[in-house]
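Below: one structure, written as structure tokens.
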Amino acid sequence: MKKKLLSSILAAALCVPAVPMFTGCSPRGETLRIYNWGDYIDESLISEFETWYGKETGKEITVEYDTFETNEDMIMRIEVLKSDYDLVCPSDYMAERMIESGLAQKVDRRIFDMTDGFLYDGLADMVRPFDPNNEYFVPYVWGTFGIMYDTEYIEPGSEDMKSWSALWSKEYNKKILMKDSVRDAYSVAQIYCNTDKLSQLSNGFTDYNDGYRQELISYFSTISAAQVKTARDALVKQKSLLYKYEVDAGKADMLAGTTQGRLGLFWSCDSGLIMLENAGDHFYYEVPKEGSNVWVDGWLIPKYAGNKTAANYFLKFISLYDDEYDFAMTNFDYMGSSMASKAVMDDARAALEEDDGTDEESIFYGREEWFKQMYIDMMFPSEEILSRCAVMRDFGKKWSTELDSMWIDVKTL
């Protein structure tokens, strides 16, 4: 999940990668074109789909698969260049923008239908505000924002790490990594600047009630000039304490021990990836008590799709998990991220809870006692954790431009 914004609308236009040169010569009706984040699918499933599609429909299909680095790269291909991808995988706020702009087509429920109970607990409520009838957006991968830190330098379960204030603490001067992402940085700054109000509404962060949630949701769904200024001032103050800004390199640097960074703002999926490594046994992930963001990346069929029938069949395929097929679980095992499927998540959690860590192939083998529960809480956020999280909404083009300008100020001052 990568929600990095380019610094300006102009920069976005100038930085659009060249239109991919599809090398296949199959007729358009026999081709499925997918545009996805890198490392966002077990690519062995692509050939599996081609075989499965033939069995389902009696027709041949060839998948042409391309990847993007930012939501803005993707939307420029669709909105400006009118590229005829059949499936794209935007983040929540960009999916909302595409739906409202008429750039998305409805899913064909005759082919793929998200029945009641398909989505993991609470996930349907997270996306309902921008797709109330589940007509366009098919959740795929999701998770939270939090603080990941190195337990070789910071005590596991440290009280300091349970608050966003750790990212503004002089105690960790030049040890802090911050996402080079305006939306993520802005949202965390909003929560940090309103800690006292959120504490009062939640009785000292012990009761995440409706009043608290309404306030938290407002930071992710509404915006004003005053809020932008408040966030800007907080981020400028934070800047002198940072080791560096980063997007993707931070987790690998921490894993390799090639950075002075010991803690930072991370997506749960990235934290999970490095924890799967043998050397990733000394990292801890925490969703701060003040509140955080639930991000959801999912599939949309764009307006200019040339083969929406095949797109709908792919949505069905990638979600299959039953006695005959386990494509969705195969993908979960590869990605190491929280998935939208309730059935997959329930079975995966049960397997992890039963895992006693004695098998050398187990993720818990040879790891500290605290690791298992921390990892399960990260991968399968509890109702209590989700009660202090909200989905980021689209602020609209005007405010996106304002935020871009704010971020330029923060980075250059």
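For clarity, every value in this text was computed on a predicted model and none was experimentally measured. We're numbering straight along the sequence, starting at 1.
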Self-check item: Any side-chain donor near an acceptor of the partner, Asp359 and Ser362, under 3.5 Å
Solution: no
Quiz item: Between Ser319 (side chain) and Leu315 (backbone), is there a donor-acceptor pair under 3.5 Å?
Solution: yes
Self-check item: Residue pair Tyr219 / Ser187, side-chain heavy-atom distance below 4.5 Å
Solution: no
Quiz item: To the nearest 0.5 Å, what is the distance between OG (Ser83) and CE (Met74)?
Solution: 11.5 Å
Quiz item: Any chance the side chains of Tyr172 and Arg262 put a donor and an acceptor closer than 3.5 Å?
Solution: no
Exercise. Return the set of residues passing ring pair (Phe, Tyr, Trp, His ring centres under 6.0 Å) with Trp399 (not counting sequence neighbours), or none when no residue passes.
Key: none
Exercise. Tell me, yes or no, whether the heavy-atom count around Glu369 atom CD, taken from other residues, nucleotides or ligands under 6.0 Å, exceeds 12.
Key: no
Quiz item: So how far is it from Thr230 OG1 to Met406 CE, rounded to the nearest 0.5 Å?
Solution: 10.5 Å
Practice problem: Would you verify whether the NZ or CZ of Arg183 falls within 45 degrees of the ring axis of Tyr186 while also being under 6.0 Å from that six-membered ring's centre? | Solution: no
Self-check item: Polar contact flag, side-chain donor to acceptor under 3.5 angstrom, Tyr65-Asn36
Solution: yes
Quiz item: Are any non-hydrogen side-chain atoms of Tyr120 and Ser338 less than 4.5 angstrom apart?
Solution: no
Quiz prompt | Any Pro156 side-chain heavy atom under 4.5 Å of Glu368 side chain | solution = no
Quiz item: Can you tell me how far the CZ atom of Arg128 sits from the CG atom of Asp125, to the nearest 0.5 Å?
Solution: 4.5 Å
Quiz prompt | Separation between SG of Cys269 and CE of Met379, rounded to the nearest 0.5 Å | solution = 9.5 Å
Practice problem: Tell me yes or no: between the side chains of Tyr284 and Asp150, is some donor less than 3.5 Å from an acceptor? | Solution: no
Exercise. Name the orientation class of the two ring planes belonging to Trp407 and Tyr245 (parallel below 30°, tilted from 30 to 60°, perpendicular beyond 60°).
Key: perpendicular
Quiz item: Are Phe49 and Ile318 close enough that some pair of their side-chain heavy atoms sits under 4.5 Å apart?
Solution: no
Exercise. Provide the closest heavy-atom pair for Asp180 versus Lys411 in the form atom of the first, atom of the second, distance.
Key: OD1-NZ, 3.0 Å
Self-check item: 4.5 Å side-chain heavy-atom contact, Val228 and Ile223
Solution: yes
Exercise. Tell me yes or no: between the side chains of Asp377 and Tyr285, is some donor less than 3.5 Å from an acceptor?
Key: no
I'd like a table of donor-acceptor pairs (distance under 3.5 Å, sequence neighbours excluded) in which one partner is a side-chain atom from residues 98-106, with atom names and distances.
unit_1: Ser101; atom_1: OG; unit_2: Arg97; atom_2: O; d: 2.8
unit_1: Gln105; atom_1: NE2; unit_2: Pro302; atom_2: O; d: 2.9
unit_1: Gln105; atom_1: NE2; unit_2: Lys303; atom_2: O; d: 3.2
unit_1: Lys106; atom_1: NZ; unit_2: Glu135; atom_2: OE2; d: 3.3

Quiz item: Are the side chain of Lys372 and the backbone of Glu353 linked by a donor-acceptor contact shorter than 3.5 Å?
Solution: yes
Quiz item: Is the distance between the ring centroids of Phe317 and Phe327 under 6.0 Å?
Solution: yes
Quiz prompt | Side-chain donor-acceptor pair present, Asn71, Ser91, cut-off under 3.5 Å | solution = yes
Quiz item: Do Trp299 and Phe112 have ring centroids that are under 6.0 Å from one another?
Solution: no
Quiz item: Mind checking whether Pro288 and Phe205 have side chains closer than 4.5 Å, heavy atoms only?
Solution: no
Quiz prompt | Nearest non-hydrogen partners of Ser292 and Leu216, listed with the distance | solution = O-CD2, 4.2 Å
Practice problem: Identify the heavy atoms of Glu277 and Arg367 that sit nearest to each other, and give their distance. | Solution: O-NH2, 2.8 Å
Quiz item: Any sub-3.5 Å donor-acceptor pair from Glu96's side-chain atoms to Asp394's backbone N or O?
Solution: yes
Exercise. Find out whether Asp121 and Lys342 are in side-chain contact, i.e. whether some heavy atom of one side chain is under 4.5 Å from a heavy atom of the other.
Key: yes
Self-check item: CD-CD distance between Glu48 and Glu50, expressed to the nearest 0.5 angstrom
Solution: 10.5 Å
Exercise. Look at the side chain of Ser169 and the backbone N and O of Ala166, then say whether any donor-acceptor pair between them is shorter than 3.5 Å.
Key: no
Exercise. Determine whether the side chains of Tyr321 and Asp347 contain a donor N or O and an acceptor N or O closer than 3.5 Å.
Key: yes
Quiz item: Using a distance-only test with no angle check, is there a side-chain donor-acceptor pair under 3.5 angstrom linking Asn331 and Tyr140?
Solution: yes
Quiz prompt | Side-chain (Asp253) to main-chain (Thr259) donor-acceptor, under 3.5 angstrom | solution = no
Exercise. Check whether any side-chain N or O of Ser224 sits under 3.5 Å from a backbone N or O of Gln227 as a donor-acceptor pair, and report yes or no.
Key: yes
Quiz item: Between Tyr85 and Tyr35, how do the two ring planes meet: parallel, tilted or perpendicular, split at 30° and 60°?
Solution: parallel
Self-check item: Heavy-atom donor-acceptor pair, Trp142 side chain to Val294 backbone, under 3.5 Å
Solution: no
Practice problem: For Asp322, look at atom CG and say whether over 12 heavy atoms of other residues, nucleotides or ligands are found less than 6.0 Å away. | Solution: yes
Self-check item: Aromatic Trp267 / basic Lys251 pairing, under 6.0 angstrom, 45° off normal
Solution: no
Quiz item: Is the backbone of Ile385 close enough, under 3.5 Å, to the side chain of Ser382 for a donor and an acceptor to pair up by distance?
Solution: yes
Quiz item: What's the shortest heavy-atom distance between Val141 and Trp295, and which atoms?
Solution: O-CZ3, 3.6 Å
Quiz item: Do Ile78 and Val88 have side chains that get closer than 4.5 Å, going by heavy atoms?
Solution: yes
Quiz prompt | Donor-acceptor contact present, side-chain Asp86 to main-chain Gly306, <3.5 Å | solution = yes
Quiz item: Is the Tyr375 ring parallel, tilted or perpendicular to the Phe364 ring (thresholds 30°, 60°)?
Solution: perpendicular
Self-check item: Other residues, nucleotides, ligands: >12 heavy atoms within 6.0 Å of Lys55 NZ
Solution: no
Quiz item: Are side-chain N/O atoms of Glu290 and Ser163 paired as donor and acceptor at under 3.5 Å?
Solution: yes
Quiz item: Roughly how far, to the nearest 0.5 Å, is the CZ atom of Arg388 from the OH atom of Tyr212?
Solution: 7.5 Å
Quiz item: Is Lys397 salt-bridged to Glu79, cutoff N-O under 4.0 Å?
Solution: yes
Quiz item: Only one of Asn307, Asp66, Asp84 clears side chain to side chain donor-acceptor pair (under 3.5 Å) with Arg33; which?
Solution: Asp84
Quiz item: So which heavy atom on Glu246 is nearest to which on Phe266, and how close?
Solution: OE2-CE2, 4.0 Å
Quiz item: Side-chain donor-acceptor pair under 3.5 Å between Thr358 and Asp356, yes or no?
Solution: yes
Practice problem: Work out which heavy atom in Thr144 is nearest to a heavy atom in Cys389; give both atom names and the distance. | Solution: CG2-SG, 4.3 Å
Quiz item: Is the side chain of Glu215 donor-acceptor paired with the backbone N or O of Lys197 at a distance under 3.5 Å, no angle test?
Solution: no
